[in-house]
Amino acid sequence: MTAVLVGMFAAPLLVCIALLVGGALTSRLDETASLRLRALAGWISVAGTFTAFVLALVGLFAVQAGEEPALRAVWFEVGGLEVPFSLRLDGLQAVMALVVSAVALLVHLYSIGYMHGDRDATVYFAELSLFTSAMLLLVLASNFFLLYVAWELVGASSYLLISYYFQRPEAAAAGKKAFLTTRVGDLGLLVAVFAIVSQAGSFDYDAVFAWAAEPGFAGAWAVAVPLLVFAGAVGKSAQFPLHVWLPDAMEGPTPVSALIHAATMVAAGVYLVARAYPLFEAAPISLDVVAYVGAFTALMAASIAVAQSDIKKVLAYSTISQLGFMMAALGAGAPSAGIFHLFSHAWFKALLFLGAGSVIHATGRQTVARLGGLAKRMPVTAWTFAAGGLALAGIPPFAGFWSKEEVLAGLAVHHPVLLGLLLLAGFLTAFYIARLFFLVFFGPEPVDAGEYTAEGTADEHAAAPGGAVAEAGHGHDAAGSGSRGAWSGVKESGWVMSLPLVVLGVASLIAGFVGTEYFGRPLQDLLNLEPAGAAAAHEAPVWLPWVATLAGLAGVGGGWLAYGRRAGRSGGRGFDARLEGALGGAYGVVARGYLVDEFYSRVVIRPFAAAGRFAWRGVDGRVIDGFVDGLARVVIAAGGLVRRLQSGEVRDYLAAMAVGVILVVALALGVL
């Protein structure tokens with residue numbers, strides 16, 4: 001089983017290396033070979049990810065059979081401390097590895113169609129494979145040092161993919177924002193790792209968790225260590241107040257967004273808290289912090305999503321909100337419920353993002369007001385998107401219903417206030433996804449539907465050679481421009497993009513059953529995180545599933561009344577205008593994410609920039625450079641004085657020598 005562990009993350013990594021080396025060689029030696037490699041890069045990448053997926057299945061079956069594959073080797077030693085390269089596969093890791101590899105496989109396959117014709121496709125698939133490999137290594141690691149190495153590899157990979165269209169200033173800025181914002185949380189995790197090894201004397205999970213239980217971390221470190229670990233999770237999983245990077249991450253290609261939001265980067269934070277759960281159990285107050293931050297983030301992000309006009313940003317804030325649900329469950333003492341929701345969320349959120357990508361690919365647009373009437377043109381996209389939306393809204397029997405019920409049940413007994421916040425967040429979730437679905441697929445076709453421009457979309461520059469017009473615009477004509485019902489050139493995406501949508505649509509329907517009582521809760525048994533999660537589900541009031549379902553149905557019904565019923569007229573866009581008019585300035589505050597970005601800009605970024613300018617111009621330019629330049633000026637001035645003695649006239653030199661001789665003689669006589 002050692003080969004299974006190594007091969008799981010090594011297969012995508014080898015593909016990444018092969019594509020980068022092959023791309024570099026062929027681009028220099030043979031243009032024809034470079035074009036062929038570009039065309040095959042996607043399939044090579046799919047092969048590597050498929051290998052990882054098969055190995056993840058093998059590992060899952062082994063864990064179900066009672067095995068726990070492991071690998072341990074000493075990586076290096078520092079002052080007598082062994083730093084191991086150790087991997088293992090327990091129930092939690094097996095579930096995460098399966099989710100990561102399966103979603104990554106579908107995203108890789110989808111990308112073949114989405115990125116068709118992109119001039120840098122070889123680099124794109126190499127970076128996507130690196131991202132997949134890094135996340136699998138993070139999941140498989142069995143010590144904190146290797147986890148942190150993989151953690152940073154995930155961050156570096158996300159930076160490369162988010163800023164893939166780096167020629168666009170917005171994409172380059174989004175990549176930097178994601179990288180720097182998550183570094184804030186990563187600093188907390190790094191300090192936690194230092195504290196762990198300094199007190200426990202080991203990086204290994206088992207040794208550290210045993211130390212946390214007895215004798216435990218000294219003094220304030222008992223609370224500080226789990227909170228520092230949680231700081232890393234807050235950054236990666238985009239929880240308040242470090243959530244601001246995730247909406248801007250939409251500047252990357254849509255398949256990248258699907259992978260980041262569904263199964264890799266943002267899931268890493270939730271996994272980290274679940275993995276390090278014994279540290280949190282040793283300090284219960286840290287669990288309360290996790291629960292309150294998660295519940296607040298869930299409600300805050302859901303309210304922001306209601307006011308978004310960009311199809312991908314609606315889904316981005318939706319991801320932040322759903323991650324809040326997971327964190328709230330973890331903090332409430334129900335880690336199995338949190339991971340169950342992560343498991344089900346991966347399928348329907350990947351589906352929603354890939355569905356949004358299909359729309360963008362076909363129309364060249366991602367602003368909701370410039371879309372509409374696509375259901376009859378793109379039926380596969382429309383109805384699979386509906387399946388993902390119903391799962392997100394928590395409507396039975398879709399996957400999101402079962403996992404959300406577990407999350408709410410985990411909060412019902414001891415956290416009734418947080419339960420109320422999440423029920424309200426659930427209503428808003430159903431409302432904004434219904435709004436998005438009805439406007440995009442059943443709203444009226446925009447009057448300018450035949451006009452295809454590169455205005456306003458992040459993905460429009462993705463696939464066309466030279467970056468001129470997007471891959472989203474190919475196959476369209478401007479016939480009927482300016483007339484109603486002008487989507488004449490729009491058609492359903494090809495099978496390589498539609499197949500992942502169908503697979504994810506089916507998963508969004510059935511994936512939740514693996515955690516239900518009807519099938520004996522096999523997922524929770526496999527995770528084996530805590531017995532309290534199952535008990536909480538039984539202790540929860542019997543009315544809770546009904547109330548949660550009614551909240552979801554009320555949200556969907558409200559969305560239909562506001563945006564679906566009037567689809568023949570304004571498509572519900574008039575409701576947005578009336579809502580904005582009723583709320584006044586508050587609507588703009590919500591649409592702009594409660595001005596958190598503006599707050600950071602004024603309180604953090606501008607002061608740091610001002611301090612940097614002062615250090616550059618005032619300290620470095622005037623003090624340090626002034627001192628160095630002053631010394632240079634003194635030397636130059638002294639040299640200028642000495643230079644005047646060098647006249648080049650022999651008689652002057654003889655006169656100077658004579659004066660010198662006279663002075664020496666006079667001094668000698670004076671001494672004598």
Side-chain angles (χ1 to χ4, degrees), residues 7-20 22-23 36-57 96-118 120-139 153-154 157-158 160-162 164 249 252-267 346-347 349-358 360-361 384 459 462-463 471 493-507:
M8 210 180 300
F9 78 89
L13 181 61
L14 292 175
V15 167
C16 169
I17 296 171
L19 289 177
L20 290 177
R36 289 176 179 172
L37 179 62
R38 189 188 307 166
L40 291 174
W43 293 107
I44 297 172
S45 185
V46 165
T49 312
F50 179 74
T51 302
F53 171 67
V54 171
L55 293 176
L57 280 177
M96 289 295 300
L98 179 67
V99 170
V100 171
S101 59
V103 174
L105 174 61
L106 294 172
V107 169
H108 279 71
L109 180 62
Y110 180 95
S111 295
I112 293 174
Y114 193 88
M115 302 299 290
H116 175 71
D118 187 273
D120 294 320
T122 302
V123 175
Y124 169 82
F125 282 105
E127 293 173 354
L128 205 61
S129 295
L130 176 63
F131 197 12
T132 304
S133 176
M135 186 62 194
L136 286 170
L137 180 61
L138 188 155
V139 167
L153 279 174
V154 169
S157 304
S158 67
L160 295 172
L161 288 167
I162 292 170
Y164 178 75
T254 302
V256 171
S257 302
L259 193 57
I260 288 176
H261 287 248
T264 53
M265 186 168 176
V266 297
W347 313 110
K349 186 50 62 68
L351 170 59
L352 291 172
F353 266 106
L354 296 185
S358 182
I360 296 168
H361 184 271
T384 53
D459 287 329
E471 92 302 335
S493 302
W495 73 268
V496 76
M497 293 173 64
S498 296
L499 179 60
L501 295 179
V502 173
V503 172
L504 289 169
V506 174

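Both backbone and side-chain heavy atoms feed into the values below; hydrogens, waters and symmetry mates do not. Residue numbers start at 1 and run along the sequence shown.
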**Prompt:** Should C16 and E127 count as side-chain neighbours, where that means a heavy-atom distance under 4.5 Å?
**Reply:** no
**Request:** Measure the CZ-CZ distance between F125 and F131 for me, rounded to the nearest 0.5 Å.
**Result:** 15.0 Å
**Prompt:** Roughly how far, to the nearest 0.5 Å, is CH2 of W347 from CG of L352?
**Reply:** 14.5 Å
**Item:** Atom pair CE (M135) and CG (L259), whose distance is rounded to the nearest 0.5 Å
**Value:** 9.5 Å
**Item:** Gap between atom CD1 of I44 and atom CG of L19 - 0.5 Å precision
**Value:** 5.5 Å
**Fill in**
dist K349:NZ -> L354:CG (nearest 0.5 Å) comes out at 12.0 Å
**Message:** Within the structure provided, determine whether L161 and P253 are in side-chain contact (heavy-atom separation under 4.5 Å).
**Reply:** no
**Complete:** Note: G113 and M497 closest approach over all heavy atoms is C-SD, 3.8 Å
**Message:** Side chains of L499 and L109, heavy atoms from C-beta outward: is any pair under 4.5 Å?
**Reply:** yes
**Request:** State, yes or no, whether a side-chain contact exists between Y164 and V256 at a heavy-atom distance under 4.5 Å.
**Result:** no
**Message:** Can you list everything that forms a side chain to side chain donor-acceptor pair (under 3.5 Å) with S45? Sequence neighbours excluded, please.
**Reply:** H108, S129
**Prompt:** Taking all atoms of both residues into account, what is the closest heavy-atom pair of R38 and T122, and its distance?
**Reply:** CA-OG1, 3.5 Å
**Message:** I need the minimum non-hydrogen distance between A97 and V139, along with the two atoms involved.
**Reply:** N-CG1, 3.9 Å
**Item:** Heavy-atom closest contact (A262 atom, V103 atom, distance)
**Value:** CB-CG1, 4.2 Å
**Message:** For S498 versus S493, what's the shortest heavy-atom pair and its separation?
**Reply:** OG-O, 2.9 Å
**Item:** Polar side-chain atom of Y110 near backbone of S358 as donor-acceptor pair, under 3.5 Å
**Value:** yes
**Prompt:** Would you say the side chain of L138 lies within less than 4.5 Å of the side chain of V154, judging by non-hydrogen atoms?
**Reply:** yes
**Prompt:** Given side chains that start at C-beta, do those of L504 and T384 come closer than 4.5 Å, heavy atoms only?
**Reply:** no
**Request:** State whether a side-chain donor-acceptor pair under 3.5 Å links T132 with T49.
**Result:** no
**Item:** Closest heavy-atom pair and its distance - S157, L130
**Value:** OG-CG, 3.5 Å
**Request:** Calculate, to the nearest 0.5 Å, the distance between atoms CH2 and CZ belonging to W43 and F50 respectively.
**Result:** 12.0 Å
**Request:** Could I get the full list of side chain to side chain contact (heavy atoms under 4.5 Å, CB included) partners for S133, not counting sequence neighbours?
**Result:** F9, P12, L13
